[in-house]
Amino acid sequence: MDNSAMTASLMPNVLVVDDDPDMRQMIADYLVENGLRVTQATSGAEMTSALVEHAIDVVILDLRLGGEDGMELAKKLRQNSTIPIIMVTGKKDEADRVMGLELGADDYITKPFSPRELLARVRAVLRRYKLVEDLLPARDERRRAYRFGGWELNLRTRRLTSPQGERIELTNGEYSLLQAFCAAPRRILSRDQLLELSRLNRAEVFDRTIDVQILRLRRKIEENPGRPEFIKTERGAGYMFDAPVETIF
């Protein structure tokens, strides 16, 4: 394999699923021009075959495939794989966007859209998943819960239980931050890293609110929030979850 072929093989491979040949080709041409590989599919069957035959890094899925339920395809894909999904929806299909995100899609884009915007969304999703691979241990779908200092965070029910057996209510943002901390204990995580890790759960966490969210989380899990035992501030660097964490399968 020559150097150019080897370089191309290392580029992320995007699967574009759309039954409109002009739209599909326009997306493919633009992504290839900007350093990505593209595999094309026109139906659910072709999508399934492509996922078997190729190492796909992200799927762009049009929910309005002729004669097929794109939402059902997204649901089946998420049940069987953690490959990131970007949904393509119509401008008025708000219900589809909400349902798709609840099913586990990572992002969506509405028609009409510019290829440049789609490229930005693809790169953002790839960046988040690369961050997870770099920071966190290999994900295992069998993982059920984390335990630390008598606390238990159930990953399936998203419930936090105190050492006294009480259920502690968490916002989506607080849950996402605590999950990120438990997955990478005793590692310093910057605000930017926490932001990206939280977005994997589609949490409404923004750069300006990271500190606020952590303050609220400390009030719920720390005996003395002013002198935290779990979530330590590393000045100028970020935060560290300073506790041993047991993973329950």
Measure across [X] and [Y] and return the closest heavy-atom pair with its distance rounded to 0.1 Å.
| X | Y | answer |
| --- | --- | --- |
| R24 | D18 | NH1-O, 2.7 Å |
| I188 | Q193 | O-OE1, 3.9 Å |
| L126 | P12 | CD1-CB, 3.8 Å |
| P163 | G149 | CG-O, 3.7 Å |
| P228 | P225 | CD-O, 3.4 Å |
| R121 | Y108 | NH1-O, 3.5 Å |

What's the separation between atom [atom1] in [X] and atom [atom2] in [Y], rounded to the nearest 0.5 Å?
| X | Y | atom1 | atom2 | result |
| --- | --- | --- | --- | --- |
| S176 | F181 | OG | CZ | 12.0 Å |
| T48 | L73 | OG1 | CG | 7.5 Å |
| L118 | F113 | CG | CZ | 5.0 Å |
| L36 | M11 | CG | CE | 8.0 Å |
| I210 | L177 | CD1 | CG | 5.0 Å |
| D19 | S43 | CG | OG | 9.0 Å |

Pairs flagged by salt bridge (Lys or Arg N to Asp or Glu O under 4.0 Å) wherever residues 67-87 is involved - sequence neighbours left out |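 Passing the test, one end in residues 67-87: R78-D106.
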Less than 4.5 Å apart, side chain to side chain, heavy atoms only: is that true for [X] and [Y]?
| X | Y | answer |
| --- | --- | --- |
| R191 | D211 | yes |
| L155 | Q179 | yes |
| Y30 | V38 | no |
| M240 | L189 | no |
| V14 | D57 | no |
| I85 | L77 | yes |

Partner residues of S162 under the side chain to side chain contact (heavy atoms under 4.5 Å, CB included) criterion, sequence neighbours left out |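 If we apply the side chain to side chain contact (heavy atoms under 4.5 Å, CB included) test to S162, skipping adjacent residues, the hits are W151, Q164, E166, I168.
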Could you pull out all residues at least two apart from R186 that satisfy side-chain hydrogen bond (donor to acceptor under 3.5 Å, both in side chains)?
->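 D242.
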side-chain hydrogen bond (donor to acceptor under 3.5 Å, both in side chains) involving R159 - partner list, sequence neighbours excluded =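 For R159, no residue satisfies side-chain hydrogen bond (donor to acceptor under 3.5 Å, both in side chains) once neighbours in sequence are set aside.
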Distance alone, cut at 3.5 Å: any donor-acceptor contact between the side chains of [X] and [Y]?
| X | Y | result |
| --- | --- | --- |
| N172 | R158 | yes |
| T39 | N13 | yes |
| R167 | T157 | no |

Using atom types as modelled and distance alone, determine if a side-chain donor or acceptor of [X] lies under 3.5 Å from a backbone N or O of [Y].
| X | Y | answer |
| --- | --- | --- |
| D107 | I86 | no |
| E46 | T42 | yes |
| R218 | I231 | yes |
| R147 | E152 | no |

Looking at residues at least two apart in the chain, or sitting in another chain, which of them share a salt bridge (charged side-chain N to carboxylate O under 4.0 Å, His left out) with D62?
->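 D62 satisfies salt bridge (charged side-chain N to carboxylate O under 4.0 Å, His left out) with K111 once adjacent residues are dropped.
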Could you list the residues that satisfy salt bridge (charged side-chain N to carboxylate O under 4.0 Å, His left out) with E33, not counting sequence neighbours?
->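 Per chain and number, E33 pairs via salt bridge (charged side-chain N to carboxylate O under 4.0 Å, His left out) with no residue.
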Could you tell me whether R216 and E174 make a salt bridge, using a distance below 4.0 angstrom between a side-chain N and a carboxylate O?
->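 No, this pair does not count.
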Worked check of side chain to side chain contact (heavy atoms under 4.5 Å, CB included) between I60 and V88 = CA-CA 7 Å; I60 298 174; V88 178; 3.6 Å; yes
Could you walk me through whether R227 and N224 pass the side chain to side chain contact (heavy atoms under 4.5 Å, CB included) check?
-> CA-CA 5 Å; R227 301 185 66 181; N224 181 356; 3.8 Å; yes
Does the ring center of F148 lie less than 6.0 Å from the ring center of F241?
->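 Yes - the distance between ring centres of F148 and F241 falls below the 6.0 Å cut-off.
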Is the number of heavy atoms from other residues, nucleotides or ligands within 6.0 Å of CD (E229) greater than 12?
->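 No - once you tally the heavy atoms of other residues, nucleotides and ligands closer than 6.0 Å, there are 12 at most.
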Derivation and outcome, side chain to side chain contact (heavy atoms under 4.5 Å, CB included), residues F230 and E222 | CA-CA 7 Å; F230 296 126; E222 301 282 6; 3.2 Å; yes
Applying the 4.5 Å side-chain criterion to the ILVMFWY set and letting contacts propagate, would L217 and L215 be lumped into a single cluster?
->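 L217 does not cluster with L215.
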Run the side chain to side chain contact (heavy atoms under 4.5 Å, CB included) check on M87 and L63 step by step: do they pass?
-> CA-CA 7 Å; M87 304 180 306; L63 295 185; 3.9 Å; yes
